[in-house]
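Quick notes on the structure that follows.
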Amino acid sequence: MGVVTDVRSRSRSAKLAAGVSCDEAGRSGKRNVSLFWRIFLLNAAGLVVATALLLGPVTVSTPVLAGEALVLLGGLAALLAGNAVVLRIGLTPLHRLGRAMSTADLLGPGTRPEVGGPAEAAQLIETYNTMLDRLQAERAAGAGRALQAQERERHRIARELHDEVGQTLTAVLLQLKRVADRVPGELREEVTLAQEATRAGLDEIRRIARRLRPGVLEELGLASALRSLATEFTHHGLTVQHHIPGDLPPLAPEAELVLYRVAQEGLTNTARHAAADRAVLTLRPLPAPEGGGVELLVRDNGTGLGRAAEGAGIRGMRERALLIGADIHLETAPGGGTDVRLRVPAPPGDRSADRTGDSP
């Protein structure tokens, strides 16, 4: 996925970063002296002092006396120490920026490096933060288009499976039923086995179509879709409990689809890789002090995350969370296992909490 960089927007970002740095320095009452002037003034002070000593009464004998050598070495040591301190203070923000750049991940917003230090370093850090924000916004937009295309393709495949393959298998099943009524007794058992295999294939086709296109989400809403998902994953060896209230705050259709897909992927990972026998699917509304919205939690008692690298499924969940501005965290559950926690913020302009108790 390519990233388009606008030169004009980049220059505007740099100017804005410089303006913000100057404004912050002016408001704090501190002048942010550049690294160039710090080193220049320190070296100039050392040279001025050395010149003053040479023009004054201080002399250097030949051969050099021990006291004079100590004075010269002391002045040189002080000059070197001053240079070292200035360079250390000036380069520390750049080292901090380097660490932030080496650990930056566009799928996880994370924290930004603190803007500080000399003017050049502060401007560079501010420009980097602005660039990272722009890249994340562009990546989110690109991921949104890709996921929408993926959902449209899922719907198309599900419709073809249901309308074409499903109808074909249904016709085969009916034909086998008519054949079973006419075949001799010694062949009836084989025809019955063929009927059972066809019926199992038809059920599997319907199950795949439901997973590709969650029709229950469109027809009955998020709460019913998640309860149906928990029931679907409850099979021999795995029990999925669900705690899903009916009074959920209003959410955008994109947010509901992301919640459903993250829950689906979390339970799929539990069933395939976690070696768990129990899982819990919880969806709860968040109170206003926590920002509103809802929180989805998929918890299992399996083997945990371990040190394995994140696969395509987990990265897909992060992409979907980034699409709607949600926060997703994968961590070790209390007592072992894995927690997949997704926090979806309230839609912009939602005032349902503020209207509570108002008269019409």
Side-chain angles (χ1 to χ4, degrees), residues 107-109 147 210-211 214-306 310-311 313-347 350 352-353 356:
L107 290 181
L147 290 175
R210 283 197 306 269
R211 296 195 65 185
V216 66
L217 178 62
E218 301 174 358
E219 298 169 2
L220 301 179
L222 178 63
S224 298
L226 291 179
R227 295 189 189 102
S228 175
L229 188 66
T231 303
E232 177 183 347
F233 275 90
T234 298
H235 52 76
H236 180 70
L238 178 64
T239 302
V240 181
Q241 300 176 348
H242 59 79
H243 305 286
I244 304 169
D247 53 342
L248 296 172
L251 295 169
E254 296 82 5
E256 291 186 348
L257 183 60
V258 169
L259 284 163
Y260 181 86
R261 291 300 187 195
V262 170
Q264 186 181 54
E265 184 63 34
L267 290 176
T268 299
N269 289 339
T270 297
R272 292 180 179 176
H273 310 297
D277 60 2
R278 187 174 68 257
V280 179
L281 179 63
T282 305
L283 182 67
R284 68 181 183 94
L286 295 174
E290 297 184 30
V294 297
E295 181 186 68
L296 173 73
L297 174 63
V298 182
R299 172 176 292 174
D300 63 60
N301 64 341
T303 56
L305 295 172
E310 292 187 356
I314 295 179
R315 295 192 66 84
M317 289 193 288
R318 295 192 186 279
E319 291 276 4
R320 292 181 181 277
L322 184 65
L323 173 63
I324 59 173
D327 295 329
I328 185 169
H329 300 281
L330 284 80
E331 54 193 8
T332 302
T338 305
D339 275 1
V340 178
R341 194 181 302 271
L342 176 70
R343 286 199 169 197
V344 178
D350 183 17
S352 58
T356 304

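None of the values given here were measured: they were computed from a predicted structure.
A pairwise comparison of heavy atoms in A223 and P245 identifies CB-O, 4.0 Å as the closest pair. Shortest non-hydrogen contact noted between E295 and L286 is CB-CD2, 3.8 Å. Scanning both residues, N269 and M317, for their nearest heavy atoms gives ND2-CE, 4.3 Å. The two residues A326 and L342 have their closest heavy-atom pair at CB-CD1, 3.8 Å. Heavy-atom minimum distance, H243 versus V280: CD2-CG1, 3.6 Å. Annotation for L229 and Y260: closest pair CD1-OH, 3.8 Å, computed over non-hydrogen atoms.
With values rounded to the nearest 0.5 angstrom, H242 atom NE2 is found 12.0 Å from L283 atom CG. Separating the CD atom in Q264 from the CG atom in L257 is a distance of 9.5 Å, to the nearest 0.5 Å. For the atom pair CG (L330) and CZ (R341), the distance works out to 10.5 Å, reported to the nearest 0.5 Å. Summarising the geometry, atom CD belonging to E319 is positioned 11.0 Å from atom CD1 belonging to I328; distances are rounded to the nearest 0.5 Å. Atom CG of residue D277 and atom CG of residue L238 lie 7.5 Å apart, to the nearest 0.5 angstrom. R343 CZ to H329 NE2: the interatomic distance, rounded to the nearest 0.5 Å, is 8.0 Å.
Proximity of a side-chain donor or acceptor of D300 to a complementary backbone N or O of T338 within less than 3.5 Å is detected. Here the side chain of S228 pairs no donor or acceptor atom with the backbone of S224 at under 3.5 angstrom. Using a distance-only test at 3.5 Å, with no hydrogens or angles considered, no donor-acceptor pair links the side chain of R320 to the main chain of V262.
Proximity of T270 to V240: side-chain heavy atoms (C-beta onward) are nowhere separated by under 4.5 Å. Within the 4.5 Å cutoff, the side chain of P334 has heavy atoms near those of the D339 side chain.
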Between V258 and R261, is a side-chain contact (heavy atoms from CB on, under 4.5 Å) present by the stated rule, with each step listed? CA-CA 5 Å; V258 169; R261 291 300 187 195; 5.9 Å; no
Quick one, L259 with L251, criterion side-chain contact (heavy atoms from CB on, under 4.5 Å). Give me CA distance, side-chain angles, the key distance, then yes/no. CA-CA 10 Å; L259 284 163; L251 295 169; 3.7 Å; yes
Run V344 and I324 through side-chain contact (heavy atoms from CB on, under 4.5 Å) and show every step you take. CA-CA 8 Å; V344 178; I324 59 173; 4.0 Å; yes
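At most 12 heavy atoms of other shown residues, nucleotides or ligands fall within 6.0 angstrom of atom CZ in R278.
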